[in-house]
Novice: 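Okay, here's the structure, questions in a sec.
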Amino acid sequence: MIRLFNTYSRELEEFAPLNPPEVSMYTCGPTVYSHAHIGNFRAYIFEDLLQRHLESSGFNVHRVMNLTDVDDKTIRGAREAGVSLGEFTAPFKRAFFEDLETLRIKRADDFPAATDPQYISRMIAMISQLMAHGFAYQAEDKSIYFRIKVFPEYGKLAHLNLDELRPSGRVRSDEYEKENIGDFALWKAWDEADGDVSWDSPWGRGRPGWHIECSAMATALLGEQIDIHCGGVDNIFPHHEAEIAQTEGVTGKKFVRYWLHCAHLLVDGQKMSKSLGNFYTLRDVIGRGYTGREVRYALLRVHYRAPLNFTFEGMDEARQALTRIDEWLARLHECCATPPLARENESQPARFRNFFDALDDDLNISGALGFLFESIRETNRALDAKQLSADEARTWLESWRRVNQVLVLEESSAATLSPEIEILARQREQARASKDFRRSDELRNELNARGYDVRDTKDGQKITRRGNAQP
RNA sequence: GGCGGGGUAGCCAAGUGGUAAGGUCGCGGUCUGCAAAACCGCUAUUCGCGGGUUCGAUUCCCGCCCCCGCCUCCA
């Protein structure tokens, strides 16, 4: 039984999709005005973990992630770059997909973009219905706003008392045209700053508000009711609140059954911000010599509802922990390669049950990893004592494959050594054969300096590439 | 001010009404030509603070402190 914390109820709830084993899942994606930062990816990795765990539990997940390719920032960026909106966002979309690949995040089934004509027309259709039902109105500035006072549920997800809302500095001064300060834009009338970015609508030229795109794309691709909707905690209000109001205003049905929100990533204990100089894109971290799977581990290992403090010390810890897994797998593979010594036990005990049980409990990844590392120590102990049979090793590896389908942390391939490294390795073998330890140690230092670990075993030296090794 | 999420060893982090998983770092040991890896041992009498309930609380209740976030388009 999988239990998930639903933001709506603020309680752990047993997960039961509407039409099992199908699960519909909508995840708020990036705004493609720059490279996504590691805080964004923390959320996407959490969603990836959720999807993969659900799939490993027998569900078929249909996941949608939207790309916001029209908003104030993309329009401004395009104007400043002197290119069309599409030309401006295209490279960031491409980069985003590359980053997903780097982090081994499973691609969603659909990545709808807000500017896709079919979704623009769907947004317009939804807004028309909201207008017809009295949920929306056109203000003096020609923009269309959602009238929150006719939707009593508004504020329930965030548990906000709307009468007590404090105007913050982010309220635009020109919004006095709205009936209520909390009313949000469904359709923004064109203004000069928008340049040539506009679409025709029954209310005049303009562009969609941010919130409506998710309502339109989610219902288009997943239906009027979806099982899971994820995002960062900062999306709870107003974005997800607005999505509920718009969608339910149109359909009259409960929009989302489980709302899951990921806590923020902090950097050095503070919110990431460009002015503090602690703002990192994935590319920045990769540029410091870390691999995608190291970043994946670092962002994955903390429970999604707890704040995660990103540090490079944490990256090094991730590297070490992964090396431990790599070494363990290498030993198991080696153990399999040896012929069976005795009659093998035919029973294949299920391993890692506790790992999956922990994930069932609202994705308790820390607990799950704890069980994984306990298993690693136990098997290593048995390997040291030569008490692990080849068959048992195979069972562990098979069980690991299931675990790795969720974690996706296995080293992708045993990278072949470059000719240069190969030569150093051979020279060192020769030095050792002639007991020239001085030369042997020099060569080891040389290999270490190039990012390779050298170990001498009874079967000869073993050379492994560290995460930060130069290819 | 309102609404959330956190405060557990140097760092990261599980967890339970019955006496603290795991990772990482550090130290000692086994192994090794020396290392490395692996294993063994050590490293929180204590879980933000103060009360209360209880035979017993880190875990439940009350109050307080600190950190982070949201409060109208930031994952």
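Any value given below was found using the heavy atoms of this structure, including those in side chains, with hydrogens, waters and symmetry copies removed.
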Novice: Excluding sequence neighbours, so at least two apart, what forms side-chain hydrogen bond (donor to acceptor under 3.5 Å, both in side chains) with A/Arg455?
Specialist: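 If we apply the side-chain hydrogen bond (donor to acceptor under 3.5 Å, both in side chains) test to A/Arg455, skipping adjacent residues, the hits are A/Glu327.
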Novice: Between A/Phe97 and A/Phe111, what is the ring plane arrangement, given parallel below 30°, perpendicular above 60°, and tilted in between?
Specialist: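 Taking A/Phe111 first and then A/Phe97, their aromatic rings stand perpendicular (interplane angle over 60°).
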Novice: Tell me the interatomic distance from A/Phe237, atom CZ, to B/C74, atom P, rounded to whole angstroms.
Specialist: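 A/Phe237 atom CZ is separated from B/C74 atom P by 13 Å.
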Novice: With a 6.0 Å cut-off on the ring centroids, do A/Phe352 and A/Trp396 count as close?
Specialist: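 Centroid separation for A/Phe352 and A/Trp396: below 6.0 Å.
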Novice: P atom, B/G4 versus B/U8: distance in rounded Å?
Specialist: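 Going atom to atom, P in each nucleotide, I get 22 Å.
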Novice: Under the side-chain hydrogen bond (donor to acceptor under 3.5 Å, both in side chains) rule, collect the residues that match up with A/Asp357, sequence neighbours excluded.
Specialist: A/Arg353
Novice: Using the C1' atom in both, what is the distance from B/U59 to B/A21, to the nearest Å?
Specialist: 15 Å
Novice: Checking all strands, does A/Lys73 fall into the base, sugar-phosphate, or nothing category for heavy-atom contacts under 4.0 angstrom?
Specialist: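 Sugar-phosphate only.
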Novice: Between residues 204-211 of chain A and RNA chain B, which residues have a heavy-atom gap below 4.0 Å?
Specialist: A/Trp210
Novice: Can you list the residues that meet the side-chain hydrogen bond (donor to acceptor under 3.5 Å, both in side chains) rule with A/Lys156, with sequence neighbours excluded?
Specialist: none
Novice: A/Trp328 has an atom CH2; how far is it from atom P of B/G22, in whole Å?
Specialist: 16 Å
Novice: Residues two or more places apart in sequence or in another chain: which of them pass side-chain hydrogen bond (donor to acceptor under 3.5 Å, both in side chains) with A/Arg42?
Specialist: none
Novice: Produce a footprint string for nucleotides 33-38 of chain B: one letter per nucleotide, 5' end first; B if the base is under 4.0 Å from any protein heavy atom, S if only the sugar-phosphate is, - if neither.
Specialist: BBBBSS
Novice: Using a cut-off of strictly less than 4.0 Å, decide whether A/Lys178 has a side-chain nitrogen or oxygen near OP1 or OP2 of B/U72.
Specialist: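 No, outside the criterion.
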Novice: Determine the Euclidean distance between corresponding C1' atoms of B/A20 and B/C47; express it in Å to zero decimal places.
Specialist: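 My reading of the C1' atoms in B/C47 and B/A20 gives 8 Å.
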Novice: Determine the Euclidean distance between corresponding C1' atoms of B/A36 and B/A44; express it in Å to zero decimal places.
Specialist: 31 Å
Novice: Could you provide the dot-bracket string of RNA chain B, using ( ) for intrastrand pairs, [ ] for crossing pairs and | for bases paired to another strand, with Watson-Crick or G-U pairs below 3.5 Å?
Specialist: (((((((..(((.....[...))).(((((.......))))).....(((((..]....))))))))))))....
Novice: Report yes or no: is there a donor-acceptor pair, N or O only, under 3.5 Å between the side chain of A/Glu374 and the base of B/G22?
Specialist: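 Per atom types, no contact qualifies.
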Novice: Applying ring pair (Phe, Tyr, Trp, His ring centres under 6.0 Å), can you list everything that pairs with A/Phe310, at least two apart in sequence or on another chain?
Specialist: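 Ring pair (Phe, Tyr, Trp, His ring centres under 6.0 Å) check on A/Phe310 returns A/Tyr280, A/Phe312.
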Novice: State yes or no: are the ring centers of A/Phe355 and A/Phe371 separated by less than 6.0 Å?
Specialist: no
Novice: For A/Leu266, answer base if it contacts any base atom (sugar-phosphate contacts may also be present), sugar-phosphate if it contacts only those atoms, and nothing otherwise; contact means non-hydrogen atoms under 4.0 Å.
Specialist: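 Sugar-phosphate, no base atom in range.
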Novice: Quick one: A/Tyr304 OH to B/G4 P, roughly how many Å, whole number?
Specialist: 17 Å
Novice: Distances under 3.5 Å between protein N/O atoms and the N/O atoms of nucleotides 13-15 of chain B, please, pair by pair.
Specialist:
| from | atom 1 | to | atom 2 | distance (Å) |
| --- | --- | --- | --- | --- |
| B/A13 | O3' | A/Ser366 | OG | 3.3 |
| B/A13 | O2' | A/Ser366 | OG | 3.3 |
| B/A14 | O5' | A/Ser366 | OG | 3.4 |
| B/A14 | O3' | A/Asn364 | ND2 | 3.0 |
| B/G15 | OP1 | A/Asn364 | ND2 | 2.8 |

Novice: Within the structure shown, what part of the strands sits under 4.0 Å from A/Leu265 by heavy-atom distance: base, sugar-phosphate, or nothing?
Specialist: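 Here A/Leu265 touches the bases of the nucleic acid.
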Novice: Do the side chains of A/Arg207 and A/Asp72 get close enough for a salt bridge, i.e. N-O under 4.0 angstrom?
Specialist: yes
Novice: Holding to ring pair (Phe, Tyr, Trp, His ring centres under 6.0 Å), I want the full list of residues that pass it with A/His303, two or more places apart in sequence or in another chain.
Specialist: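 With neighbours one apart ignored, the set is empty.
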Novice: Heavy atoms only, 4.0 Å cut-off, all strands: where does A/Gly39 land among base, sugar-phosphate and nothing?
Specialist: base
Novice: Between B/C71, B/C74, B/G5, spot the one nearest the side chain of A/Phe5, thanks.
Specialist: B/G5
Novice: Rounded to whole angstroms, how far apart are CZ on A/Phe352 and C1' on B/G22?
Specialist: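 After rounding, the reported distance stands at 14 Å.
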Novice: When rounded to the nearest 0.5 angstrom, what is the spacing between CG in A/Leu332 and CG in A/Leu383?
Specialist: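 Going from the CG atom of A/Leu332 to the CG atom of A/Leu383 covers 6.0 Å.
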Novice: Starting at atom CG of A/Asp326, determine the distance to atom C1' of B/U24, rounded to an integer number of angstrom.
Specialist: 16 Å
Novice: Would you call A/Arg377 and A/Glu374 a salt bridge, using N to O less than 4.0 angstrom?
Specialist: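 Salt bridge: no.
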Novice: Using the ring of each side chain (for Trp, its six-membered ring), is A/Tyr26 parallel, tilted or perpendicular to A/His229, with breaks at 30° and 60°?
Specialist: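 Geometry flag for A/His229 against A/Tyr26: tilted rings.
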Novice: Take the protein atom CD of A/Glu317 and the nucleotide atom C1' of B/A9, then report the distance between them rounded to whole Å.
Specialist: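 After rounding, the reported distance stands at 13 Å.
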Novice: Just the rounded figure in Å: distance from P of B/G69 to CG of A/Leu160.
Specialist: 17 Å
Novice: NA contact type, A/His264, heavy-atom cut-off 4.0 Å: base, sugar-phosphate, or nothing?
Specialist: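 Base, at least one base atom sits under 4.0 Å.
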Novice: Give me the distance, rounded to whole Å, that separates B/G6 from B/G10 when you measure between the P atoms they each carry.
Specialist: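 Going atom to atom, P in each nucleotide, I get 23 Å.
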Novice: Write down the distance separating the C1' atoms in B/G28 and B/C67, rounded off to the nearest Å.
Specialist: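 Approximately 37 Å lies between the C1' atom of B/G28 and that of B/C67.
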Novice: B/C60 and B/U16: how far apart are their C1' atoms, nearest whole angstrom?
Specialist: 12 Å
Novice: Counting only side-chain heavy atoms from C-beta out, which of B/C74, B/G5, B/C68 sits nearest to A/Arg305?
Specialist: B/G5
Novice: Could you check which of B/C12, B/C70, B/U72 has an atom nearest any side-chain atom of A/Asp234?
Specialist: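 Selected nucleotide: B/C70.
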Novice: Applying ring pair (Phe, Tyr, Trp, His ring centres under 6.0 Å), can you list everything that pairs with A/His264, at least two apart in sequence or on another chain?
Specialist: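 By the ring pair (Phe, Tyr, Trp, His ring centres under 6.0 Å) rule, A/His264 matches no residue at all.
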Novice: Give the ring-plane orientation class for A/Phe135 versus A/Phe151, where under 30° counts as parallel, over 60° as perpendicular and anything between as tilted.
Specialist: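 Judged by the thresholds at 30° and 60°, the geometry between A/Phe135 and A/Phe151 is perpendicular.
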Novice: Who are the ring pair (Phe, Tyr, Trp, His ring centres under 6.0 Å) partners of A/Phe88, not counting sequence neighbours?
Specialist: A/Phe92
Novice: Could you give the CZ-to-C1' distance, from A/Phe184 to B/C71, as a whole number of Å?
Specialist: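 Going from CZ in A/Phe184 over to C1' in B/C71 covers 16 Å.
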Novice: Distance check, C1' atoms only: B/U54 and B/C65, in whole angstrom units.
Specialist: 26 Å
